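First the proteins, then the strands, lettered A, B, ... as listed; each starts at 1. These numbers were taken from a predicted model, which means no experiment stands behind them.
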2 protein chains.
Amino acid sequence: MYVRQVMENARHTETAIEETLRVVGDRWSILLVRAGLRGIRRFDDFCDDLGIARPVLTERLRRLVKFGIFERRKYQDKPVRYEYRLTEAGLALSPALVALVRWSEEYSQELSSDVTLVHAPCGTELEQAFWCRSCQSTFGPSAVKGVTSSIDL
Amino acid sequence: MYVRQVMENARHTETAIEETLRVVGDRWSILLVRAGLRGIRRFDDFCDDLGIARPVLTERLRRLVKFGIFERRKYQDKPVRYEYRLTEAGLALSPALVALVRWSEEYSQELSSDVTLVHAPCGTELEQAFWCRSCQSTFGPSAVKGVTSSIDL
DNA sequence: GAGACTGAGTTCGGAATCCGAACTCAGTAG
DNA sequence: CTACTGAGTTCGGATTCCGAACTCAGTCTC
């Protein structure tokens with residue numbers, strides 16, 4: 001059960017996460033995705049929900065649209081109005097978001113009673129696992145922890 | 001070893017991820033964790049590896065130590081020297097990191113061959129799944145996507 | 001039809017962060 | 001004595017962030 005890496009790590013070429021974090025790795029972007037998952041779509045609602053400054057929101061949404069995470073679509077003509085919806089790529093960030101939520105739950109103290117993600121059918125707390133399709137095997141983050149030093153992320 | 005909250009919130013009560021992202025949600029912190037996972041421990045090595053400005057690195061490491069993600073430990077006495085090691089909490093961020101890597105692989109265009117995480121025993125690409133311990137069932141991110149709108153992240 | 005309101009922004013000046021480059025400080029090696 | 005190392009600190013300038021106020025088109029209320 002080792003996670004291995006197949007790559008040649010060149011010096012100057014940017015790696016995947018580096019590039020990704022350049023898009024999504026600021027204080028607001030992930031929060032915007034989360035807001036999108038919660039159904040928020042309109043400019044002012046993002047603004048109120050997150051308490052983000054308007055100019056920053058403008059710039060951030062523009063960038064997320066440019067990188068295909070949000071889509072800007074007209075939802076009204078009379079006075080022309082636009083809303084922001086998560087694309088498929090944006091929705092695909094949810095596992096990362098869930099992982100962060102799980103981490104928060106476990107390691108972040110002094111949180112008021114907050115969300116606890118559960119498996120809807122049975123109510124048991126969700127765990128995030130690594131899963132090999134061909135082996136049909138599942139192993140949890142704890143198993144991964146043990147090998148992290150040998151992972152080349 | 002727990003992350004505790006220090007900041008005040010102005011308008012609404014802070015949720016788990018909001019707090020977490022306040023600690024880890026800047027351009028460098030996650031990259032620092034990743035570097036830590038790759039075995040980097042010394043100040044200058046972080047500096048060279050990430051190309052982060054030294055004053056920023058100082059501040060960031062201090063904060064990550066304060067929040068229990070890194071540990072600053074002396075590794076030499078003669079000239080006293082310190083290194084930074086990931087704590088258990090820090091290592092526990094790896095699932096989130098892996099989720100981001102997976103996302104990058106799939107959705108980040110203009111990225112040529114980069115890292116591909118595989119299941120070492122069989123060489124199959126890793127998938128990240130959600131796993132219910134009591135049901136013994138595993139389901140992929142795609143299944144989760146369907147529920148995200150009803151999840152309160 | 002005058003005034004208030006709405007939603008999606010833009011403009012502003014000041015505050016906070018970021019940056020690279022050069023400096024410090026203790027100890028060590030030649 | 002000089003050079004070097006590792007872990008920072010200090011510096012000035014550039015960038016980004018912020019809240020508050022403004023714009024602009026259309027719409028609702030009186």
Side-chain angles (χ1 to χ4, degrees), chain A residues 11-12 14 18-19 21-32 35-36 38-67 69-86, chain B residues 6-12 14 18-19 21-33 35-36 38-67 69-86:
Chain A
R11 266 292 178 169
H12 305 298
E14 215 166 41
E18 276 167 18
E19 189 197 315
L21 288 177
R22 192 172 299 267
V23 177
V24 124
D26 65 299
R27 181 155 162 244
W28 296 113
S29 296
I30 295 189
L31 255 17
L32 287 171
R38 299 215 323 283
I40 289 173
R41 294 190 182 138
R42 295 188 322 202
F43 192 92
D44 282 12
D45 291 341
F46 282 111
C47 224
D48 295 347
D49 189 67
L50 301 183
I52 183 175
R54 295 168 149 279
V56 179
L57 178 58
T58 301
E59 192 275 331
R60 211 65 13 135
L61 283 173
R62 237 192 273 280
R63 193 172 69 191
L64 291 172
V65 165
K66 176 170 149 201
F67 283 91
I69 291 167
F70 274 97
E71 175 196 1
R72 182 172 186 260
R73 75 159 63 159
K74 197 197 298 175
Y75 71 90
Q76 184 179 288
D77 272 309
K78 340 186 176 184
V80 60
R81 292 283 136 86
Y82 297 93
E83 66 178 3
Y84 296 87
R85 278 168 180 269
L86 286 170
Chain B
V6 178
M7 316 279 302
E8 275 292 59
N9 52 357
R11 54 199 75 195
H12 49 24
E14 216 164 39
E18 275 168 20
E19 187 197 320
L21 288 177
R22 194 173 294 267
V23 177
V24 124
D26 64 300
R27 181 155 163 245
W28 296 114
S29 295
I30 295 189
L31 255 17
L32 286 171
V33 171
R38 300 215 324 283
I40 289 174
R41 296 191 180 138
R42 294 187 323 201
F43 191 91
D44 282 11
D45 291 341
F46 281 111
C47 221
D48 296 347
D49 189 67
L50 301 183
I52 183 177
R54 294 167 149 278
V56 181
L57 178 58
T58 301
E59 192 274 332
R60 211 67 8 140
L61 284 173
R62 236 192 273 280
R63 192 172 69 190
L64 291 172
V65 166
K66 176 170 148 198
F67 284 91
I69 291 167
F70 274 97
E71 174 196 1
R72 183 172 184 259
R73 75 158 65 159
K74 199 197 296 174
Y75 71 92
Q76 185 179 288
D77 273 308
K78 340 190 173 185
V80 60
R81 291 285 134 85
Y82 296 91
E83 65 177 5
Y84 295 87
R85 278 166 181 271
L86 285 169

Extract from the structure each pairing of a protein N or O with an N or O of nucleotides 22-30 of chain C at less than 3.5 Å, listing the distance.
none

Next item on the list: Choose from C/dC18, C/dA8, D/dG19 the nucleotide whose nearest atom is closest to any side-chain atom of A/R42.
Entry: C/dA8
Margin query: From C-beta outward on B/P55, which listed nucleotide comes closest to its side chain: D/dC11, D/dC17, C/dG7?
Written below: D/dC11
Item checked: Residue pair B/D26, B/R63: steps toward the side-chain contact (heavy atoms from CB on, under 4.5 Å) verdict -> CA-CA 12 Å; B/D26 64 300; B/R63 192 172 69 190; 3.3 Å; yes
Check: With sugar-phosphate meaning primed atoms plus P, OP1 and OP2, does A/F46 contact a base, only sugar-phosphate, or nothing at under 4.0 Å between heavy atoms?
Finding: nothing
Margin query: Mind checking if A/Y75 touches a base, just sugar-phosphate, or nothing, with heavy atoms under 4.0 Å?
Written below: sugar-phosphate
Margin query: Treating B/S29 as the side-chain partner and B/G25 as the backbone partner, does any N or O pair qualify as donor plus acceptor under 3.5 Å?
Written below: no
Note to self: Please determine whether a side-chain nitrogen or oxygen atom of B/W28 lies at a distance below 4.0 Å from atom OP1 or OP2 of C/dT17.
What the structure shows: no
Notebook entry, point to check: Between A/Y82 and D/dA25, is there a side-chain N or O to OP1/OP2 distance below 4.0 Å?
Noted result: no
Next item on the list: Quantify the bending of the helix from C/dG1-D/dC30 to C/dG30-D/dC1 as the angle between its end axes, each fitted on five pairs, to 10°.
Entry: 0°
Notebook entry, point to check: At under 4.0 Å, does any side-chain N or O of A/R72 touch on OP1 or OP2 of C/dG9?
Noted result: yes
Check: Any side-chain N or O of A/R27 under 4.0 Å from OP1/OP2 of D/dC18?
Finding: yes
Next item on the list: Scan B/R60 against the nucleic acid and name what it touches under 4.0 Å (heavy atoms): base, sugar-phosphate only, or nothing.
Entry: sugar-phosphate
Note to self: Here's a test of your reading of the structure: between A/E59 and B/E83, which maps to the more 5' nucleotide of DNA chain D?
What the structure shows: B/E83
Next item on the list: Establish, from distance only, whether the side-chain atoms of A/R72 and A/Y84 form a donor-acceptor pair under 3.5 Å.
Entry: yes
